[in-house]
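Values in this document were obtained by computation on a predicted structure and should not be read as measured data.
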Amino acid sequence: MAKKKRGRITVLEAVDNLSHLADLDVEKKEGTEWTDPAKVQENQDAIRETFRALTSYLQHLYQKERTELGNPQTRRGIQAMMELAGEAVDKVGKYTKLFKGAHAQEGVIPEFQQLQQFYLSKVFSNVKHEKPTEGWESEGEEKELGDERQALKDLETVQQDDEYELFYISKEDGMPFFTPQLLRHIRMVGNFDDSLRSKDSEDMLRRMEVILDRDLHVSAQEILQEATDLIERFYKEALNHREQEGPASLSCAIMALMLAANPKNLMHSSHGKASVDYFTDFERYVRKVMESPEYHHWRTHSELTPFKTICLKLTHYLCNALFLRSGARHEIISFIRNLVENTAVELPTLWGTLSSIETALRSELSRYPSGPLMKILKIFRYGEEKKGFDPLVQKNPPSHIFNLSSETTHTTISHLPCPIHQEMIDRVSITPEFKGYLRSLVNRKHLYVNLQDRTSWKEHARSSVMEELAKEGEFTEALQVITLAMHTDFYHQINDYAEVLQAKDFCDLCIKQVTGGTDCGFFYPEKLITPKIVEGLVDFVYTQFFHQKPGLSRKERLDFIQILYFFLILRILDVSNPDVMSFSDKDGVDTGAAMAASFYGFARMISTAKLWTEEDKSFFLFAFFGPALLIRHRSIAPLEFQRALSALDYFDTVMQQKRDSVLKACAALFPELPLTQIKVSEVA
């Protein structure tokens, strides 16, 4: 696959570079990558390319979208960009030694001169005859210019893709979270970057869409095959009830599923709607069935006609199949391997190899337009921002990942984004199809491990609504929800917790945090996790994995917390024996994916000492990187990935050194759970 020319960057990346350069603190002792003497040449090239990209952007506006230059808001945005560029050049000048050679003898960077010259001669000349503003008008314009500058800097948030859900959600007063200036910059910069995409770039981005398309195509075929009998019985009488919303929507859901399963509708051979689109239609029609008055009748009446009984069974079957589908994963694994085959290296440990793959994957993706930015552009092109955050129908369907089983237990581990619909930050509702799925379980249980930050204003409402659902009488037997603090200062060992070096103090804090309940970001039924259990688990981890050392480094404390969480989950599995378990954050592509992949590694190391196989390595590729690539067209968040990998590496080292001792201590903690009999198996 041909790659984008080396050195070429997008306008989004160029603006990001300007923001970082303009914000450099010349007095600060600690360096950054921009002030690293070992990266002088790399930084010089980046600075030059930054200004080249911005010049190309202004040329594009001047030649292709000149009418935009008459827009005062556009002019302010360009002016803000030029001011950032000027500040960046000023900071470069103050780091003369580090950037030696990056600018000419006259003290200017030639590429910046070219940018400035084009701006003054072509862009600024369009507005230079405007009457200058004075007094309060001038102050108002300065404020607007400041807003534009902030909006440019906020583009970094878009690139990081960690708050994209806020584009779908409004504040409590109905106002959007992001400023109109930022949205305008996203459109302008994104459209420009999109216009420069090469055919190879389009093929790479499209291939990720094609993989998801084929995955859902396979799932549609599996669902139809397993539901053949119910569907045939439904259609024997469905025509007589086509005027009713419930049966009509159920019929539409099946038709959409059939279209998704038809090979002629696969993305690579269809010029119209593809399988992924029809599968989304299927999900929406299932939701319409669940919201219909007929479904309410079917569910609340004990005596039903044979047709209504079939409708209810088929509806619940479709809900169950939607949340536990298998799909196809081999294509995403092949895609990842092909993408990094020339840059990733095989290292002595599996964890080192995975780290190399992650670095290579991130590097390769940086050669193409920003996947998250393209995603956000589509939101506004199709008016999706007014429809609310609803991951299940925004091409992020649940799926079956792997299994944990023994002679007496079997637990399916699933990928599950938060099953909610959210239009305002403080108003969240559970999707009807998730409730239908819970009803379909019938004497089985789903353990929902919530990894969102319930102490954060951004995620509190979503966390609370899931925790409350588990308390509703109808679902108390089918759903159990626990919340783990994965984004707090304690979890990251920062701020007040950064200097807790004494192991005893840290262990006491662990106990205090985990038993601190919702104020500390945790939620679980009181009988499930008692203070005594937590004390025992903390002492176990400290003794077996950290050898009762008097002091612990920050890295050791981070690994300690992660390993403690593994055993907390194992304790809950031991007591609850759920049939299904999901590690769920808002979308399951970062925190959820990292936790699912690392728990797979943890469970396998507990159950067997066998060497890692090629199948295991492939599973890690799929579990760590697959969700973010398919859903957001980027790699997994680096912090989440490195945190999981560090804990797995540490855990692996200790298990190799003292496996028998750890398992003996485990047997005392989990007497009902035969750890050595646990089998960890992937979905075929």
query: Are F282 and F279 close enough that their ring centres sit under 6.0 Å apart?
result: yes

message: To check you understand the geometry: which heavy-atom pair defines the closest contact between P417 and K586, and what is its length?
response: CB-O, 3.8 Å

- prompt: Ring centroid separation for F475 and H446, is it under 6.0 angstrom?
  reply: no

E283 (side chain) donor-acceptor with V286 (main chain) under 3.5 angstrom: no

query: So, the side chain of D215 versus the backbone of A328: is there a donor-acceptor pair under 3.5 Å, distance only?
result: yes

message: Before you tell me yes or no, could you show the steps for K313 and L230 under side chain to side chain contact (heavy atoms under 4.5 Å, CB included), namely the whole-Å CA-CA distance, both residues' side-chain angles and the distance that decides it to 0.1 Å?
response: CA-CA 8 Å; K313 286 183 178 179; L230 283 174; 4.2 Å; yes

message: Using 30° and 60° as the class boundaries, would you call the ring planes of W298 and Y295 parallel, tilted or perpendicular?
response: perpendicular

- prompt: Yes or no on side chain to side chain contact (heavy atoms under 4.5 Å, CB included) for M466 and Y448, after CA distance, side-chain angles and deciding distance?
  reply: CA-CA 9 Å; M466 291 304 305; Y448 184 96; 3.7 Å; yes

- prompt: Does the distance from a Lys or Arg side-chain N to an Asp or Glu carboxylate O, for E459 and R462, drop under 4.0 Å?
  reply: yes

field: Check: N450/S463 side-chain N/O donor and acceptor closer than 3.5 Å
entry: yes

query: Is it the case that more than 12 heavy atoms not belonging to K288 sit under 6.0 Å from its NZ atom?
result: no

query: Honestly, is R632 close enough over Y164, meaning NZ or CZ under 6.0 Å from the six-membered ring centre and within 45° of the axis?
result: yes

- prompt: Within the distance-only criterion (no hydrogens, no angle test), does the side chain of D213 pair as donor or acceptor with the backbone N or O of S275 below 3.5 angstrom?
  reply: yes

query: Would one find more than 12 heavy atoms of other residues, nucleotides or ligands at under 6.0 Å from atom CD of Q225?
result: no

message: Is the distance between the ring centroids of Y600 and W612 under 6.0 Å?
response: no

Exceeds 12 heavy-atom contacts within 6.0 angstrom, atom CZ of F167: yes

statement: K679 meets the salt bridge (charged side-chain N to carboxylate O under 4.0 Å, His left out) criterion, sequence neighbours left out, with none

field: Side chains of T591 and E640, donor plus acceptor under 3.5 Å
entry: yes

field: F625 ring center within less than 6.0 Å of F620 ring center
entry: no

